[in-house]
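All values below come from the heavy atoms of this structure, side chains included, with hydrogens, waters and symmetry mates left out. Everything numeric in this text was worked out from a predicted model, so none of it was measured.
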Amino acid sequence: MTTGEDTPDVEATGEDAYELDRKRVAQILFALDRDERETLVELMEPLHPADIADLLEQINAFDRGRLIRLYDKEFDGDILSELDESIREEVIAALTPQVLADAVRDLDSDDVVDLLEDLEEPQQEAILDALEDSDRVAVEQSLAYPENSAGRLMQREVVTAPEHWSVGQVIDHMREAEELPEQFYHVVIVDPRMHPVGQVTLGRLMSSRRTLPLLEIMEETFQVIPADQDEEDVAYAFNQYHLISAPVVDGDGRLVGAITIDDAMVVLDEEHEEDILRLAGVGDGSLSDKVSETTKQRFPWLAVNLVTAIFASLVIAQFEATIAQFVALAVLMPIVASMGGNAGTQSLTVAVRSLATRDLTGANVWRVIRREVLVGLINGVIFAVVMGIIGVIWFGTPMLGVVIGAAMVINLVVAGLAGTVIPVILDRIGVDPALASGAFVTTVTDVVGFFAFLGLAGAILL
């Protein structure tokens with residue numbers, strides 16, 4: 001597959017600019033139905049591996065298997081890297097051993113490791129057997145590092161140069177090398193014990209005089225990543241310090257690999273996606289998951305929500321007599337809880353995101369809490385006036401307007417407080433705030449909203 005043709009359709013603009021062209025997809029499926037391999041290859045040739053992966057994810061399992069078999073030896077290893085994990089095993093199982101071997105041999109070691117991490121042992125062995133002996137050793141060494149660590153994320157292929165070399169020596173070395181990494185941005189400068197002492201960008205290298213020593217053109221910003229560091233911390237370092245690539249070292253400080261920005265950004269994107277899904281209580285699900293898997297992922301948090309809803313209903317049950325005397329309370333009661341829940345979700349989302357990006361720390365947590373409480377207070381007063389007026393006009397009872405207005409203020413203040421404090425507390429005790437905060441915040445706003453509204457109603461209106 002030629003990289004020069006791996007471009008999206010130029011006719012597409014706006015939101016559809018990088019989506020699969022529907023006409024092309026229809027043509028591919030038509031060629032598939034007619035078993036026209038040459039036409040199928042011709043249609044898929046211009047597509048980027050990421051687009052082919054999207055195509056495989058969007059069609060059903062039957063068509064997916066037929067397409068893989070017909071596409072056969074044209075199947076590129078980069079397609080496997082781009083596939084969603086939920087169907088990757090299925091696609092690998094559909095490939096012939098020879099096609100699989102050719103596909104994985106073209107991948108960098110970090111991409112092979114990424115493939116192997118989520119596969120069952122038989123498929124792992126099939127891929128490892130397809131590799132050259134040296135590549136297999138490199139991949140197995142990477143797999144020996146802890147899961148979700150820099151050692152798993154790095155590529156073993158690194159261009160290095162001794163610290164006493166000049167620019168010309170490095171350029172000559174790269175020209176004479178039989179094989180260079182497919183993608184690299186720096187030459188890592190090492191001492192005699194293979195400890196990285198600096199790095200030089202390719203642009204700086206190619207624009208410098210041949211006689212210039214490497215040590216004179218090293219980058220001032222230089223970050224070394226320990227191999228056992230969590231990949232989330234690695235992604236944060238890349239984002240925080242605007243890194244393009246960084247050398248990875250073992251426990252003795254020796255160079256063992258390098259991490260490039262594309263891999264770091266994949267981790268960052270996965271972390272963001274995971275937080276969004278967990279905030280909604282849907283786990284790590286995807287559109288390709290089966291009904292049984294999706295049900296299993298969502299059931300636990302729906303069960304938790306059921307328990308919290310029952311708890312809120314128990315609060316309502318304590319005020320049955322009050323509700324019986326003022327039917328209007330049953331009409332207005334959901335409004336208070338709903339407004340509190342929405343306000344709590346707003347604060348919660350901001351807090352979880354800030355914790356993930358490490359913008360919310362012990363140094364500013366109280367300032368953020370005060371801000372959220374004040375925002376809740378101001379919004380509460382505004383909507384209290386609005387609902388107070390609506391309550392008076394709707395039911396003709398001025399004191400009912402006062403009750404719902406006061407309850408609105410109380411619940412929005414508590415929502416701002418709970419939406420910030422609960423994620424912070426969960427983060428401090430080692431629980432993922434994105435996963436658990438939602439149920440707690442919803443429970444607090446529901447209970448406080450019902451209790452404040454019905455309690456005030458019982459005290460003022462009876």
Side-chain angles (χ1 to χ4, degrees), residues 1 3 6 47-57 61 64-65 67-69 71-158 181-184 227 231 234-235 248 256-271 273-274 284 286 288-289 293:
M1 190 174 291
T3 55
D6 291 342
L47 297 180
H48 188 278
D51 293 324
I52 297 177
D54 283 345
L55 173 64
L56 291 171
E57 291 166 10
R64 188 157 52 236
L67 190 149
I68 292 169
R69 287 189 290 273
Y71 199 43
D72 196 36
K73 62 178 182 291
E74 304 296 330
F75 199 94
D76 193 288
D78 288 329
I79 300 171
L80 293 175
S81 297
E82 299 288 349
L83 278 172
D84 189 277
E85 295 172 6
S86 59
I87 67 165
R88 193 179 282 169
E89 286 193 43
E90 176 191 331
V91 171
I92 290 174
L95 294 170
T96 63
Q98 186 57 49
V99 171
L100 178 61
D102 292 340
V104 298
R105 283 181 190 138
D106 293 333
L107 294 175
D108 288 332
S109 58
D110 58 326
D111 293 324
V112 178
V113 171
D114 183 53
L115 281 179
L116 291 172
E117 283 183 319
D118 304 302
L119 298 177
E120 298 295 332
E121 190 172 336
Q123 290 182 316
Q124 286 185 345
E125 283 300 321
I127 289 179
L128 288 172
D129 290 341
L131 298 173
E132 300 290 341
D133 290 342
S134 58
D135 292 334
R136 174 167 184 152
V137 170
V139 168
E140 288 178 335
Q141 286 175 345
S142 293
L143 287 172
Y145 289 104
E147 192 174 351
N148 299 323
S149 67
R152 292 282 187 99
L153 192 64
M154 69 181 181
Q155 64 181 46
R156 307 285 297 194
E157 303 85 3
V158 188
E182 184 177 329
Q183 188 175 47
F184 71 104
E231 64 178 21
V234 174
V248 179
V256 291
I259 295 174
T260 53
I261 189 170
D262 56 322
D263 294 317
M265 290 306 100
V266 166
V267 173
L268 201 61
D269 184 57
E270 288 175 350
E271 291 296 329
E273 181 183 351
E274 183 181 89
D284 300 322
S286 73
S288 305
D289 289 343
E293 293 173 350

Smallest separation among heavy atoms of [X] and [Y], with atom names:
X      : Y      : answer
Ala53  : Glu82  : CB-CB, 3.6 Å
Val158 : Ala258 : CG2-N, 3.7 Å
Leu115 : Ser81  : CD2-N, 4.2 Å
Ala264 : Ala235 : O-CB, 3.6 Å
Ala103 : Asp76  : CB-C, 4.3 Å

Check whether any side-chain heavy atom of [X] lies under 4.5 Å from a side-chain heavy atom of [Y], and answer yes or no.
X      : Y      : answer
Leu67  : Leu55  : yes
Met154 : Ile259 : yes
Leu56  : Leu83  : yes
Leu128 : Glu140 : yes
Leu153 : Asp110 : no

Exercise. Step by step, would you call Glu57 with Ile87 a side chain to side chain contact (heavy atoms under 4.5 Å, CB included)?
Worked result: CA-CA 7 Å; Glu57 291 166 10; Ile87 67 165; 3.5 Å; yes
Exercise. Does Leu80 offer a backbone N or O that forms a donor-acceptor pair with the side chain of Arg88 under 3.5 Å?
Worked result: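 Present.
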Exercise. Ignoring hydrogens and geometry, is there a side-chain-to-backbone donor-acceptor pair from Arg105 to Ala130 under 3.5 Å?
Worked result: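 It does hold such a pair.
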Exercise. Can you name the side-chain hydrogen bond (donor to acceptor under 3.5 Å, both in side chains) partners of Asp263, sequence neighbours left out?
Worked result: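 For Asp263, the residues satisfying side-chain hydrogen bond (donor to acceptor under 3.5 Å, both in side chains) (neighbours in sequence not counted) are Thr260.
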For this session: Report the residue from Asp102, Ile52, Val91 that forms a side chain to side chain contact (heavy atoms under 4.5 Å, CB included) with Phe75.
Result: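 That would be Val91; it is the only one of Asp102, Ile52, Val91 passing the side chain to side chain contact (heavy atoms under 4.5 Å, CB included) with Phe75.
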For this session: Only pairs at least two apart or in different chains count here, so list each salt bridge (Lys or Arg N to Asp or Glu O under 4.0 Å) that has a residue in residues 142-158.
Result: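 Non-adjacent pairs meeting salt bridge (Lys or Arg N to Asp or Glu O under 4.0 Å): Glu117-Arg152.
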For this session: Give the intermediate values and the outcome of side chain to side chain contact (heavy atoms under 4.5 Å, CB included) for residues Val248 and Tyr145.
Result: CA-CA 12 Å; Val248 179; Tyr145 289 104; over 6 Å; no
Return the [atom1] to [atom2] distance between [X] and [Y], rounded to the nearest 0.5 Å.
X      : Y      : atom1 : atom2 : result
Leu268 : Glu231 : CG    : CD    : 11.0 Å
Asp54  : Ile79  : CG    : CD1   : 11.5 Å
Asp114 : Gln155 : CG    : CD    : 13.0 Å
Lys73  : Leu95  : NZ    : CG    : 14.0 Å

Exercise. What's the verdict on side chain to side chain contact (heavy atoms under 4.5 Å, CB included) for Val112 and Leu131, showing C-alpha distance, side-chain angles and the deciding distance?
Worked result: CA-CA 10 Å; Val112 178; Leu131 298 173; 4.0 Å; yes
